[in-house]
Amino acid sequence: MNNISIQQSPKGIIILGSTGSVGTQALEVIRDNPAIFKVSVLSALKNSELLIQQAKEFKPEAVVICDESKYLEVKSALSSFDIKVLAGEDALSEVAVYPQGDIVLTALMGSVGLKPTMAAINAGKNIALANKETLVVAGELVTQLAIENQVKILPVDSEHSAIFQCLVGEEQNEIEKIYLTASGGPFLGKNKDFLATVKKEQALKHPNWVMGAKITIDSASLMNKGLEVIEAKWLFGLDVAQIDVIVHPQSIVHSIVQFTDGSMKAQMGIPDMKLPIQYAINYPDRLKNNFKRFNFLDYPSFSFQKADMETFRNLELAFQSLRKGGNMPCILNAANEIVVEAFLNDKIGFLEMSDVIERCMEEINFVENPQLDDYLETDKHSRILAAELVTKSIF
C-alpha cells in the first residue's frame, strides 16, 4: 500500500542557493516530481546566467541575485516572465517568508544563511537545512527560535540526514553516542610535510563527492567534519562527549547512532546528495525514485579508522570551539571562510589555514551568552582579523 500523501497542490519550495551543488540537485528532484513539488523562489550569489536559465524553466514567484551589479541583467532576461526580480543579500530574508513557499531549502554557502533562515523560522516555515554554518554560528539561538515557532529543522547534509533517519521511531529512546563518518578527503593518510606543499588543485579532487569549491576544501582540511560536529550538537541536543568522528573512506555508511542499550543503527547508501535532499523536502514521506541502487558486491569490505586530529587540526579546533561555547564557533566559522577563500586564491598555505583560525580564536573577544548582534559583530571582527593575518603572511 502506498502511504505517500500527495497534496492537492504541489508543495512550494523556496531554494536559497539554487545555483550551487545542493540547489541544482534539489531542482533535479523537483523536475522529476512536478505533481509533488513546485519552485516558489530561486536565489544565486552571482551566477546570473544559471539563475536565469533555472527561472525560465521553473517559473518561480521571485528570484534573488545577491550580486547587485547583475540585477539589470537578470531583470532584463526575465522581463517577459511574471517573475519578481530582487537583488542584494537583504532580499534573501524578504523572499524566505513568501506565503507561496511551504518549506525553505537553505543551500547557501557560509554565514549569509543565518538571517534568512531566522526570518523563515519566525514566519513559521519548516527548514530543509543544507547551510550548516547557520547552526555553527548561532545554533542555540536558531534552535530555540525553531522550538518557539514550532518549526522543524530537517537536515540535508548526508551525515545529519543519516542520524535523523536513524532516529525516526526512536523518539523515546536515549542516544548514547553518534558517529559522524568522514571520507578522509583527498589527503587521507598524508602527513604535515606533504600537506605543507599541497595546492588547491589537489585539494579540490574529492574521492567520493562532487561539491562546491569551499566545501571541498573544508572536506580536505576536515573542517567540514568539524562544522558538522557543531551542527549535530544543536540538531540533536547532544553534549560534546556524545559526538565522535570516524573515517570511513568508502562513504557508504553515512553515520551511526548508538543507543543506551549498546544497539547501533546506521543509514547507508551510495554517495548521492539527492536522497537526503528529497527526504528533507518531502518529510515524513519517502518518494519512489530511479536513483542508482547500492550493490553490496561492489563493496566487499568497509573500513573505519580514527580521525587524525593532530595532522588535520581544524577538526580539533572545531571540538575546542564547541567545548568553549558562546561565540567561539562563530569565530571559527568566520575565520575559516576567509582562509579558505585565501587558499583558493593562492594567498595562504594549506596548513596555515589552521594557524589563522587558531589565532582568531585566541584574540577575538569571547562572549559567553551571545545574542544575534553579538554573533554579527563577532563574525565581522573575526573576518577582519583573519584577513589581516593572511595579508601579513606572518606564518
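Everything numeric in this text was worked out from a predicted model, so none of it was measured.
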Undergrad: From the options I15, I36, I277, select the one residue that forms a side-chain contact (heavy atoms from CB on, under 4.5 Å) with I30.
TA: I15
Undergrad: Do E49 and Q53 have side-chain N/O donor and acceptor atoms under 3.5 Å apart?
TA: no
Undergrad: Whether the side chain of K214 engages the backbone of V340 through a donor-acceptor N/O pair (distance < 3.5 Å, no angle test) should be reported.
TA: no
Undergrad: For a side-chain contact (heavy atoms from CB on, under 4.5 Å) with L154, tell me which candidate from L129, I127, I103, I281 qualifies.
TA: I103
Undergrad: Is there a ring-ring contact (aromatic ring centres under 6.0 Å, His included) between F350 and F187 once you walk through the steps?
TA: CA-CA 11 Å; F350 187 83; F187 303 139; 5.3 Å; yes
Undergrad: For S219, enumerate each residue passing the side-chain hydrogen bond (donor to acceptor under 3.5 Å, both in side chains) test, keeping only those at least two apart in sequence or located in another chain.
TA: H206
Undergrad: Is D355 paired with R313 through a side-chain N to carboxylate O contact shorter than 4.0 Å?
TA: yes
Undergrad: Flag the pair E377 / Y375 as yes when at least one side-chain heavy-atom distance between them is below 4.5 Å, and no otherwise.
TA: no
Undergrad: Closer than 4.0 angstrom, basic N to acidic O: yes or no for D272 and K292?
TA: no
Undergrad: Tell me whether the guanidinium CZ or amine NZ of K152 lies under 6.0 angstrom from the six-membered ring centre of Y283 and within 45° of its axis.
TA: no
Undergrad: Quick one: does N333's side chain get under 4.5 Å of S111's, heavy atoms only?
TA: yes
Undergrad: Just verifying a value: how many Å separate L317 CG and I357 CD1, rounded to the nearest 0.5 Å?
TA: 6.5 Å
